[in-house]
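Just below is one structure, and these are the notes that go with it.
In the text below, chain A, chain B and the rest are named by the order of the sequence lines, each starting its count at 1.
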2 protein chains.
Amino acid sequence: MKNATFEAALSQAAAALAGTGTRKGERLHDRILNKIGQSIVSRELTPGDQLPNAEEWSAAHGVSRTVLREVIKVLAGKGLVEARPRTGTCVRPRSFWNFLDADVLLWRYGPDTTAEDARSLFELRRAIEPAAGALAAQRATPEQIGDMRKALEQMRASGDDGARFAVPDLVFHQTLLRMSGNELIGSLAALTETALLISFRLTDDNPAGQAHSVALHEQVLHNILAADPAATSAALVVLLDLAEEDVRRSLEARLLGQTVLSH
Amino acid sequence: MKNATFEAALSQAAAALAGTGTRKGERLHDRILNKIGQSIVSRELTPGDQLPNAEEWSAAHGVSRTVLREVIKVLAGKGLVEARPRTGTCVRPRSFWNFLDADVLLWRYGPDTTAEDARSLFELRRAIEPAAGALAAQRATPEQIGDMRKALEQMRASGDDGARFAVPDLVFHQTLLRMSGNELIGSLAALTETALLISFRLTDDNPAGQAHSVALHEQVLHNILAADPAATSAALVVLLDLAEEDVRRSLEARLLGQTVLSH
DNA sequence: TTTCATTAATCATCATACTATTGGCACTGC
DNA sequence: GCAGTGCCAATAGTATGATGATTAATGAAA
């Protein structure tokens, strides 16, 4: 039971990385939630205008009002919609949406990703992870260090198999966030997960080789063990630069491929 | 209608700063949501153990099962609980909670705040706001600059009236986040709001004088106008250091006051 | 034109019935 | 004694009809 959190994180990661496929036991509620959530985030439903009234809308989706109401309440909790009597339910302006919510992130960065999207993810990661690393160098617990070590081992063992590499990579970064000892920072795990999900999807058909990446990750742990905040931050900046560059290259390659194909 | 977003932000800010008081038209749903959310976050209900079944529990709160179910679904959407047939509903481990959600933040940092709590808020702000400032120096739109200017004017006009100062202060920082042109960063507005709410509550009975603070804020805008990312970041670091120092001092003073009183 | 009561549309809430899922238990067969 | 199997009951999930509360829009009256 020592590494229960580690195993939980891994299984969670695996499930997330498995893709959008229907998770076992996906309830009706979740199906509709994802459906409507996605249609809002993907701009099918634009902010400002009313949604159909609950009666018709639930019928349109083939579910009861109960289910639809619960979905609307959850969406309201994430800032996407607002329901008022007489006026009906409407989509709120984008600035109210909680993009850091795991579901919203998935809807936003789900199907296909542009270079612009990737940029915004990395801008935030570049602000967070170096700061988290600096705190980690001062606060990491032995258990967390064990978790990170294990993740590194699995990364090494993965060779150039992108699919095997992805999960321990994610665990590494999530462990880093937890090491900061700051729950608020820990809640940004979903962000990292989304970024890695995108990286994984893109580099899947365009493997870049992870040997260099592993060395950089090892450098991070090394600096944490040395309790050197500045060096840990610096190592993470280098790591993120590389990761973003990889994603950028993959996006270009993919775009080029499409252009070639369309000729 | 030019500054619609600005006015919206201000009214929103005012409502938030007005305190926890019953907002007009607070629905039953919200009352129960806050009640249960708070009792989870404040550790009255500890992670792992089951919640009463929906039937009894709704009766205990004097509401129908429908309302309670909607509340549970929303809490599940924020990562606080998980519901499964047969097993019932249970509180999830803290690491799953989305602390960056506006409601969760309010529950977490609501009633009274320790120095530890304030620290975690400022750790994250210190990672985010300088980064946002650097981006703002490259991307701020004329309209956003106008908003920030207006906020500064109101701050100047407030003198040492803490209550009048708070709202434009909040608007200033939220505008800064929006200037980054990154929606993910914009979603951290709730974080800033919570931090300022705490500052406001503490410094209310221990006014520190805001003249110096205004000068620092002006410096930030000056650097944004000069399109100087590094200088903007640096100015924000100074600003945050001062703000955190103020909070720390206020907490100490308050603690000391209590000690004296208890004699 | 302004004011203000009326109205109708919509969400909010409740109560109840039925379905689906699943952990645990008893029973079976070896 | 043990493993496997199938049934049972507790619980959340879903559906539906009725009623209350809120408020934008309407239109009559001042």
Just N and O in the side chain of A/Ser64: are any of them under 4.0 Å from OP1 or OP2 of D/dT14? no
When the distance from CD of A/Glu55 to P of C/dA12 is rounded to whole Å, what number comes out? 14 Å
Would you confirm whether A/Gln144, through its side chain, and A/Thr141, through its main-chain N or O, come within 3.5 Å as a donor-acceptor pair? yes
Would you indicate which nucleotide in C/dC14, C/dC11, C/dA12 comes nearest to any side-chain atom of B/Val63? C/dC14
With the side chain of A/Ala54 defined as its heavy atoms from C-beta on, choose the nearest nucleotide among C/dG23, D/dT14, C/dC11. C/dC11
B/Trp97 and A/Ser187 have their tightest heavy-atom pair at O-OG, 3.0 Å
Could you state the CD-P distance from A/Glu26 to D/dT14, rounded to the nearest angstrom? 11 Å
Listed by chain and number, what are the ring pair (Phe, Tyr, Trp, His ring centres under 6.0 Å) partners of A/His29, not counting sequence neighbours? none
Between A/Asp169 (side chain only) and A/Phe165 (backbone N and O only), is there a donor and an acceptor less than 3.5 Å apart? no
Tell me: CH2 of B/Trp57 to C1' of C/dC14, nearest whole Å? 19 Å
Separation of atom CD in B/Glu56 from atom C1' in D/dA10, rounded to whole Å: 11 Å
Taking atom types as modelled, is there a side-chain donor on A/Ser120 or A/Tyr109 under 3.5 Å from an acceptor on the other? yes
Without decimals, in angstroms, what is the distance between A/Asn53 CG and D/dT23 C1'? 16 Å
Taking CZ from B/Arg27 and P from C/dT13, how many angstroms apart are they, rounded to a whole number? 7 Å
Could you tabulate the donor-acceptor pairs under 3.5 Å formed by side-chain atoms of residues 79-88 of chain B, not counting sequence neighbours?
none

Does the A/Lys73 side chain pair with the main chain of B/Val74, one donor and one acceptor, at a distance under 3.5 Å? no
Within residues 65-85 of chain A, the residues having a heavy atom closer than 4.0 Å to DNA chain C are A/Arg69, A/Lys73, A/Ala83, A/Arg84, A/Pro85
Just how far, in rounded Å, is P of C/dA12 from CG of B/Leu28? 11 Å
Between D/dA24 atom P and A/Arg86 atom CZ, what is the distance in whole Å? 8 Å
